[in-house]
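To keep things clear, I will list the structure first and then write my remarks on it.
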Amino acid sequence: MLSYTDYKTKAAALEFRTGCWIDGAFVPSLSGETFPSINPATGHKLCDVAKGGAADIDRAVISARTAFEDGRWSGKTPAERKEVLLKLADLIRENLTEMALLDTLDMGKPISETVNVDAPGSAMFFQWHAEAIDKLYDEVAPTGGRDIAMIRRVPLGVIGAVVPWNFPLDMATWKLAPALATGNSVVLKPAEQSPLSVLFLAELAKEAGLPDGVLNVVPGFGEDAGQALGRHNDVDCLVFTGSTNVGKMFQRYAGESNMKQVWLETGGKSPNLIFADADLDQAADMAAFGIFFNQGEVCSANSRLLVHESIKDEMVAKLKTLAEAVVQGDPLDPATTMGAMVDAEHASRVEAYLKKGKAEATVVTGGARCTIGTSDAFIQPTIFTDVAADATIVKEEIFGPVLAIQSFSTDEEAIAMANDSIYGLAASVWTSDLTRAMSVSDALNAGTVSVNTVDALSPMTPFGGMKQSGFGRDLSIHSFDKYTALKTVWIKF
């Protein structure tokens, strides 16, 4: 990694892309309106970004539809699309520091994470999906006789994608890589809090050889650009990662417009179950990572710690030490391990949960909003214990570095507590007993269960939730299902 001074120097020299990216070029919004992009770690404005609205979404969809229908991308072979997306992965790696800096400045996360995890992860996801696409085979049904029935996987057309602010580049990549690999055109709306890295990505995609109109990016606000995309009658599919309430809105928008497919990943309140036979040091280290990584702004964050009563005090002590070792500071400093909340508004939201937590439970450490430098958008790593099952901080997704600890006495009680949630995105289990690991994993209502680790993730495995965490899967071969339809071609001769 570079030094703190080097990152600050490079950050000061960054060029920001600030327009809507439509039909292969940056253009202002049709209204001429802009909105400020703020660095939450300083409170200072980075730049003004085009504020796209319904009219901009409409021209982006027209561009995407035209590109899809004339076959400039959808008509290419899987191998041809593969080469372009592999080139894009290479360009992300070539521009890795700039990509990382854009997310660090825009979102407030530590540069050590964006350089080592987010930006290289985005390149990896593009590469994986690119390399997979020409290895998917169509089918021939066993009809017999003088009939041939071919079952073909075909692109849907125009994909609308709305992505969150917590992993701006990665979450966009999770949608774009399989959607583009399968031959679709895309209109992407990034979160208004963090649009800068995706706008740069669009420019790199053109450099890689992606034809104009295939990828369009319209920055803007949910109530304007997001709603317009969800209601647009010429969008064939809408994919979304974000809050449960907004996910329900997109389902309604689809029903009130053209019944487009809607695929949702809508958050979680993931439990982390630690049994008495676990490796307690490793479990504590990873429990801290599972809630404090990315400032706790992770949909699958392990925000509920369920620990066997016989080891509760020991685990609380270990976690207190780990929380107090977290280094908060300037996200451009490689020594910083926790940055700012994405903006002051979200910091206030998390602060409100801290106040509720203090009325419901016992503070082990943290519990306050703090000011670092010129910004008050920082939240201390916080641990609560003696938390009741019906406490607000147990039931609701906080999306911050706030851990609620509960204890259990039996495996059955632990499973019941873990499943007592409207969410079902992820869960973790810590035990040295393989039988317990399998039986508890089977009983948990979660899209991913990580055993003796937390938040296990790979492009090889699907990611998504159950219950009100949504449906459909990102990553893996199964991600292609969201962006394709099965077409039967039956030939009688």
Side-chain angles (χ1 to χ4, degrees), residues 1-21 24-27 34 36-42 44-50 84-127 130 163-177 180 188 190-210 215-219 294 329-336 339-340 342:
M1 291 186 65
L2 301 176
S3 69
Y4 184 20
T5 301
D6 288 336
Y7 282 124
K8 291 183 71 174
T9 300
K10 287 183 176 294
L14 280 178
E15 173 189 353
F16 300 119
R17 287 82 177 164
T18 60
C20 300
W21 179 264
F26 287 114
V27 295
T34 62
S37 178
I38 304 295
N39 180 346
T42 64
H44 299 153
K45 183 172 76 172
L46 296 167
C47 58
D48 290 307
V49 179
V84 172
L85 296 181
L86 287 177
K87 176 61 175 174
L88 178 55
D90 289 340
L91 286 172
I92 293 171
R93 295 185 180 106
E94 291 172 17
N95 294 274
L96 189 144
T97 299
E98 183 171 356
M99 279 290 192
L101 283 169
L102 289 172
D103 276 359
T104 288
L105 293 176
D106 222 6
M107 198 232 140
K109 62 169 63 184
I111 190 67
S112 59
E113 294 175 9
T114 56
V115 164
N116 294 314
V117 180
D118 296 15
S122 181
M124 175 185 64
F125 294 133
F126 269 114
Q127 179 178 338
V163 295
W165 46 256
N166 58 330
F167 291 93
L169 183 60
D170 269 5
M171 291 295 98
T173 299
W174 285 21
K175 313 301 186 189
L176 291 176
L180 294 174
L188 175 73
E192 59 267 25
Q193 296 91 341
S194 54
L196 299 181
S197 61
V198 174
L199 289 168
F200 184 32
L201 178 67
E203 188 176 66
L204 292 182
K206 179 171 182 173
E207 183 179 344
L210 192 71
L215 170 60
N216 303 272
V217 180
V218 181
N294 205 53
D330 187 344
L332 290 173
D333 186 347
T336 294
V342 71

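Residue numbers start at 1 and run along the sequence shown.
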Closest contact, heavy atoms only, Phe126 versus Ala89 = CB-CB, 4.1 Å

Arg93/Asp90 ion pair, N-O < 4.0 Å | yes

Just checking, is any N or O donor in the side chain of Ser37 or Asp106 under 3.5 Å from an acceptor N or O on the other one?
-> yes

Straight-line distance of Glu207 CD to Lys87 NZ, nearest 0.5 Å = 6.5 Å

Heavy-atom nearest pair, Gly209 first then Val84, reads C-CG1, 3.7 Å

Taken in chain and number order and not counting sequence neighbours, the residues that satisfy side-chain hydrogen bond (donor to acceptor under 3.5 Å, both in side chains) with Asp48 are Lys45

Would you check if Leu210 and Leu180 make a side-chain contact, meaning some heavy-atom pair closer than 4.5 Å?
-> yes

Shortest non-hydrogen contact from Ala205 toward Leu215 = CB-CD2, 4.2 Å

Here the pair of heavy atoms bringing Pro334 nearest to Ser112 is O-CB, 4.1 Å

With distance as the sole test, does Ser3 use its side chain to make a donor-acceptor pair with the main-chain N or O of Asp6 at under 3.5 Å?
-> yes

Test item: Glu94 and Leu204 side chains (from C-beta on) under 4.5 Å apart, heavy atoms | no

Partner residues of Thr18 under the side-chain hydrogen bond (donor to acceptor under 3.5 Å, both in side chains) criterion, sequence neighbours left out = none

Distance (rounded to the nearest 0.5 Å) between Lys206 NZ and Leu91 CG = 14.0 Å

Any donor and acceptor pair, going by atom type alone, linking the side chain of Ser122 with main-chain N or O of Ala119 inside 3.5 Å?
-> no

Quick one: does Thr104's side chain have a donor or acceptor within less than 3.5 Å of a partner on Leu332's backbone?
-> no

Leu46/Leu14 under side-chain contact (heavy atoms from CB on, under 4.5 Å): CA gap, chis, key distance, verdict | CA-CA 10 Å; Leu46 296 167; Leu14 280 178; over 6 Å; no

With rounding to the nearest 0.5 Å, note down the distance linking OG1 in Thr336 to CD in Glu113.
-> 10.0 Å

May I ask you to decide if Leu2's main-chain N or O and Tyr7's side chain share a donor-acceptor pair within less than 3.5 Å?
-> yes

Are the side chains of Leu188 and Lys175 in touch, meaning some heavy atoms are under 4.5 Å apart?
-> no

What is the distance from atom CH2 of Trp165 to atom CD of Glu192, rounded to the nearest 0.5 Å?
-> 11.0 Å

What's the shortest heavy-atom distance between Val27 and Ala50, and which atoms?
-> O-CB, 4.5 Å

May I have the step-by-step check of side-chain contact (heavy atoms from CB on, under 4.5 Å) for Met107 and Asn294, ending in yes or no?
-> CA-CA 10 Å; Met107 198 232 140; Asn294 205 53; 3.9 Å; yes

Could you tell me whether the side chain of Ser194 reaches within less than 4.5 Å of the side chain of Asp103, counting heavy atoms only?
-> no

side-chain contact (heavy atoms from CB on, under 4.5 Å) assessment of Leu101 paired with Ile111 = CA-CA 7 Å; Leu101 283 169; Ile111 190 67; 3.8 Å; yes

Considering only heavy atoms from C-beta outward, does the side chain of Arg17 approach that of Leu196 to under 4.5 Å?
-> no

In Å and rounded to the nearest 0.5 Å, what is the NE2 to CD1 distance from His44 to Ile38?
-> 9.5 Å

Heavy-atom pair of closest approach, residues Val198 and Ala172 = CG2-CB, 3.7 Å

Please report the C-alpha distance between Leu169 and Met99 in whole Å, then the side-chain angles of each, then the deciding distance to 0.1 Å, and finally whether the side-chain contact (heavy atoms from CB on, under 4.5 Å) criterion is met.
-> CA-CA 8 Å; Leu169 183 60; Met99 279 290 192; 3.9 Å; yes

CG (Leu105) and CZ (Phe16) are apart, to the nearest 0.5 Å, by 5.5 Å

Listed by chain and number, what are the salt bridge (Lys or Arg N to Asp or Glu O under 4.0 Å) partners of Asp118, not counting sequence neighbours?
-> Lys109

